[in-house]
J.: 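Got a structure here, written out as structure tokens. Questions coming.
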Amino acid sequence: MTADVVIVGNGALGLSVAVETALRDRSLRIVVVGSEARPGSASVAAGAMLNCFAEVTGRTGEHPASRAKFALAREAARLWPGWLERLAEAARHVAVPVRSTRGTLVVLGARSTGDGVGSMRAIRAAAEEHGEPFQDVDPYGIGVLEAEAGDQPVDALYLENEGAVDARHVLASLDAAASGLGVTRVADEVVSLVTAKDAVTGVRLSSGATLPAGAVVLATGAASGRLIEQLPPGTVQPLLSGTGVALETQRVRGEAVPYVVRTPTLVGGCGLHAVPLGNGVEYLGATNHVYFDAPAGPRLGIVQPLLSGYIAQFDRNIAFSAVRRWHYGLRPVTLDTFPLLGRAPVPRLFFATGTYRDGFHSAPAIARHLAGLLTDGPAPEHDPYAVFAPGRKPIETMTVDDAAERFAQMALLVAVERGMRLPYIFGAEPIAAACRQRALECVEQLGVPVALAPEILGAVSEADANRIRQVADYLSTVAARP
Ligand SMILES: Cc1cc2nc3c(=O)[nH]c(=O)nc-3n(C[C@H](O)[C@H](O)[C@H](O)COP(=O)(O)OP(=O)(O)OC[C@H]3O[C@@H](n4cnc5c(N)ncnc54)[C@H](O)[C@@H]3O)c2cc1C
């Protein structure tokens, strides 16, 4: 079998790129490789909030890459309603109903730090600037929540146009659309890329077979790191796993939330959210702990605050709910936390990954971008997502000292959320100073001064010597580049 396009990975991104490309050019032979069980898939585990403004933080407007990410989220928000219709049409006779929810209530918990207050302010400012409707909500009068005494939210706002889809339904709909469009599926794993004269010419499967291809798209989620490591040193930045745990529960006491309820995005990508899945079932997510090498299962100490945070900050009645299912997925996170989209510096190789916390939402916009590259040839003169080119040097949105400060803020946020109380004679500064020092030691270990996001510094602090050496080698190679 020879393909025009081989897409490696069958999550939301791989399938969305396959469907959009097939819709644009029916003559292309498109193959998607990935096992049916989708091991480690972030898409399967996702709460699939379709949030754009609710994701805004005080840092969204600060850097061109952050602004491009916001533009990507806005484009996706515009595309979603039509995207679901196009999937249904492409699936032809196999109707896959997709449950979707409209409305997002963003609540700021009593234990938040200044970072959360800044995010709430930034959401309001961005919504006003772009004419996005929102309502301020009295945090003491949120009928759908019953936080524990002392943990009631201190601020809330409602975004009527933002909501969620059921991720598992959307994946089924993508599967049906791909099959309706004649996309070939190979239930296998790609173990390596095949190259000739420095260009990628196909993939090698775990079965031993080779699949020749005109173009290869890596949409392998957090597992992309293993294939990136096979490229010449310094070609594409390392990829980490943002492990996330969530659970589905059935209401026993009180009512399920009628729309998405979530906290704003907090430093280090922390936050809680509840998504209604119908008939009293709620999706409660999600933890976020980033590793270079993800463990097979989540750490109990990380899961514990997810549950206690819910009950305390959102709704104590949820403590009576019946647990139906756990999800554990690996978010694809790059060293600089921005996505890898478009052409790699290796001919005929493309990337659609590194989407971290909001890749489900961005999927239709990323699919549009990739399908354009795969079917129309060169990117247009003004490519709004050129900043996410896979061969870039890591994007730095702050100084190393700012990064150390953010690491300290993340540590304090986590400590305060988990109930840290200091006697009045102590301030938190000694703890912050120790965290800053730890962050600077991590950067020093890497050998190149680089400003990394706090959760990435956390991963560096837990990495073994081999990983540190590998990242240090990558950084010194790209630092030597003009
Ligand atoms: C708990 C949790 C909650 C989340 N909530 C949201 C949310 O509310 N909104 C949002 O927008 N995003 C959310 N995300 C993030 C979002 O899920 C991801 O950004 C997005 O789904 C990534 O999609 P993907 O297709 O790139 O990766 P994946 O879904 O991980 O898919 C990659 C696929 O490739 C397969 N694969 C890997 N290696 C190979 C190989 N070598 N050969 C063949 N196949 C391979 C894997 O098995 C997998 O099926 C959440 C993530 C998690 C974990």
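Indexing begins at 1, ligand by ligand and atom by atom, following the structure's order.
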J.: Return the minimal non-hydrogen interatomic distance between P133 and L159, and the atom names on each side.
T.: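 In this case the closest contact between P133 and L159 is O-CD2, 3.9 Å.
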J.: Please list all pairs passing the salt bridge (charged side-chain N to carboxylate O under 4.0 Å, His left out) test where one or both residues lie in residues 79-91, with sequence neighbours left out.
T.: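 As it turns out, the salt bridge (charged side-chain N to carboxylate O under 4.0 Å, His left out) pairs with a partner in residues 79-91, which skip direct neighbours, are E20-R86.
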J.: Report the residues that fulfil ring pair (Phe, Tyr, Trp, His ring centres under 6.0 Å) with Y328, sequence neighbours left out, ordered by chain and then residue number.
T.: none
J.: How far apart are the C-alpha atoms of E417 and T263, what are their side-chain angles, what is the distance that settles it, and do they pass the side chain to side chain contact (heavy atoms under 4.5 Å, CB included) test?
T.: CA-CA 13 Å; E417 273 202 334; T263 53; over 6 Å; no
J.: Distance under 4.0 Å, heavy atoms only, partner ligand 1: which residues pass?
T.: V8, G9, N10, G11, A12, L13, V33, G34, R38, P39, S41, A42, S43, A45, A46, G47, A48, M49, D188, E189, V190, A219, T220, G221, A223, G244, Y283, A286, G329, R331, T355, Y356, R357, D358, G359, F360, H361
J.: Do we see a donor-acceptor contact under 3.5 Å between the side chains of D25 and T375?
T.: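 Result is no, nothing qualifies.
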J.: Checking E55 now: which residues fulfil salt bridge (charged side-chain N to carboxylate O under 4.0 Å, His left out) with it, not counting sequence neighbours?
T.: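 Salt bridge (charged side-chain N to carboxylate O under 4.0 Å, His left out) check on E55 returns R262, R357.
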